[in-house]
Amino acid sequence: MTTVRTALVIGGGIAGPVAALALHRAGITATVAEAYPATATGAGGIGGTLALAPNGVAALRAVDADEAVTAIATPIHRSVMAVGARRIDLPTLAGVPPLRVVHRAELHRVLHDRAVAEGVTFTYGRRLVDVTQTDDGVTARFEDGSTATADVLVGADGIRSTVRGLIDPAAPGPRFTGLLGFEAVARHQVDAEAGTMTFAFGRRGYYLYWPEPGGGTRWGANLPGQRPMSLVEARAVPASQWLDTLRATYGDDDPGRELMATSSADDLQVVGALQIMPPVSHWHRGRMVLVGDAAHAPSNSSGQGASLAIESAVQLARCLRDLPDVTSAFEAYVRLRRTRVEKVAARAARINHAKAPGPVARTLMPLLMPLLMRTAMDPERTIAHEQRYVIDFDAPVTAEPALR
């Protein structure tokens, strides 16, 4: 039985509210401290659309948030790969629910409201600057001079995590994938049935699209970039200028040309540099521990970033619930999670290389696609272990036996 009674969760995005909910279910009182003011959190202009894989939705079931989330998401039943005029259906896993795409702001709102309804407290405008640990607890100090104390501190503060640096000052930071992200809804209606997502390899860049419920086509573009740009830097460039660049980049592609031409600069969502986390050696120290993107952020090519963050939040709560001390709980948590998330990250890294193929690769890709479908894209071999993963929240977690 755990001795942990209270937790301070740093970060109120996705992993933070789920961690707080799961901890609450585990009998641990959790408070969430968010750096941004309440008016900015979950605002429509923050973030674009993200995908929730079946395993992510299954993990939400542990905190009774799955139905509320699927109610605001668009199901994707079919996936297609497009290179030039070629269209090939991607094989799918039998017996698993569809992928769900959801606006980040809406997902945040649902998770936040679910946590509040269960009694989780959120505080805003509290940017973490330092932590003091003792044998009995941990005290966080915030930029505004306030402090908070709990038995454990959970770093759910994203890819640029402050907690990660406090755990290990030598920890790596995020790495640029070489791609900048953009999203919008075009007036152009693609010739595809509802629930079909197309992954398109254009002449100069990768993009994807699907019919938007209510009309039009939602698209996301991964524009090759020479250097990383922060969100602030990327949004300092006028949206009309970005849209001109996108129209030039995808002007030779069908339907990329029509999607860009019928999109409005006013609606363009500038996501900025797409980044990934290299392997993080130390996920915990003392009474501090990392969850979500702070510990593992695969590229968006994985389709698993949010789902893995949700899984980790749930697994951390199980470990803290069932093991007698903080150290053994954190060690069990890392044992449950590290291999899985690093395998997903490695798969996504391989996909990234195909998103901006060189001239030779672009020429050969239409010829190689049928072979790719028969070999590398065997879903039972490549993604079944990812998407069929289900956490039994009620099952007890045991410590790893000591080596003799």
Side-chain angles (χ1 to χ4, degrees), residues 4-24 28-47 104-105 107-169 171 173-174 230-236 272 275 277 280 282-295 297 309 313 316 320 326:
V4 174
R5 294 289 177 262
T6 58
L8 177 62
V9 180
I10 305 298
I14 294 173
V18 176
L21 271 167
L23 289 165
H24 177 80
I28 298 169
T29 300
T31 299
V32 179
E34 167 59 46
Y36 292 99
T39 53
T41 306
I46 297 178
R104 180 182 294 273
L107 176 60
H108 171 271
R109 178 185 59 78
V110 166
L111 295 176
H112 169 273
D113 291 352
R114 185 82 189 93
V116 169
E118 292 225 359
V120 173
T121 298
F122 285 74
T123 61
Y124 298 95
R126 305 184 82 189
R127 186 173 298 277
L128 182 72
V129 294
D130 200 7
V131 165
T132 301
Q133 299 193 77
T134 68
D135 291 341
D136 300 322
V138 56
T139 297
R141 183 167 61 84
F142 300 99
E143 194 174 60
D144 63 3
S146 65
T147 61
T149 299
D151 293 334
V152 295
L153 182 143
V154 179
D157 49 344
I159 199 166
R160 293 176 179 81
S161 170
T162 297
V163 179
R164 185 175 62 236
L166 293 172
I167 289 174
D168 179 10
S230 69
L231 188 60
V232 172
E233 289 178 308
R235 291 187 175 179
Q275 308 213 38
M277 276 303 301
V280 174
H282 304 289
W283 288 20
H284 62 92
R285 180 171 67 84
R287 291 177 173 271
M288 297 186 293
V289 66
L290 302 173
V291 296
D293 286 356
L316 175 63
L320 284 169
V326 171

If I compare all heavy atoms of Val291 with all of Ala156, which pair ends up nearest, and what's the gap?
CG2-CB, 3.6 Å

Leu128 and Val163, any side-chain heavy atoms less than 4.5 Å apart:
yes

For Ala20 and Val32 the tightest heavy-atom approach is CB-CG2, 3.7 Å

Heavy-atom closest pair, residues Met277 and Gly173:
SD-C, 3.8 Å

Side chains of Val326 and Val4, heavy atoms from C-beta outward: is any pair under 4.5 Å?
yes

Under 3.5 Å, is there a donor-acceptor pair linking the side chains of Thr139 and Thr149?
yes

Check: Ile10 and Phe142 side chains under 4.5 Å, non-hydrogen atoms:
yes

For the backbone of Pro17 and the side chain of His108, can you confirm whether one donor and one acceptor N or O come within less than 3.5 Å of each other?
no

Can any side-chain N or O of Asp151 pair as donor or acceptor with the backbone N or O of Arg5 at less than 3.5 Å?
yes

Spacing of His284 atom NE2 and Ile167 atom CD1 [to the nearest 0.5 Å]
8.5 Å

Where Asp168 and His282 come nearest, the two heavy atoms and their spacing
OD2-CD2, 3.1 Å

Euclidean distance, Leu8 CG relative to Thr121 OG1, rounded to 0.5 Å
11.0 Å

Distance from Leu107 atom CG to Ile14 atom CD1, nearest 0.5 Å?
4.5 Å

Test salt bridge (charged side-chain N to carboxylate O under 4.0 Å, His left out) applied to Glu143 - qualifying residues, sequence neighbours left out:
none

Ring-face cation of Arg126 near Tyr36 (centre distance under 6.0 Å, axis angle within 45°):
no

Looking at every heavy atom in both Leu290 and Ala295, which two are closest together, and how far apart are they?
CB-CB, 3.8 Å

Side chains of Thr134 and Asp136: any donor to acceptor distance under 3.5 Å?
no

From CA spacing to verdict: side-chain contact (heavy atoms from CB on, under 4.5 Å), Thr132, Arg141
CA-CA 8 Å; Thr132 301; Arg141 183 167 61 84; over 6 Å; no

d(Gln133 CD, Leu153 CG) to nearest 0.5 Å is 8.0 Å

Closest non-hydrogen atom pair, Leu166 against Arg285
O-NH2, 2.7 Å

Any donor and acceptor pair, going by atom type alone, linking the side chain of Glu34 with main-chain N or O of Phe122 inside 3.5 Å?
no

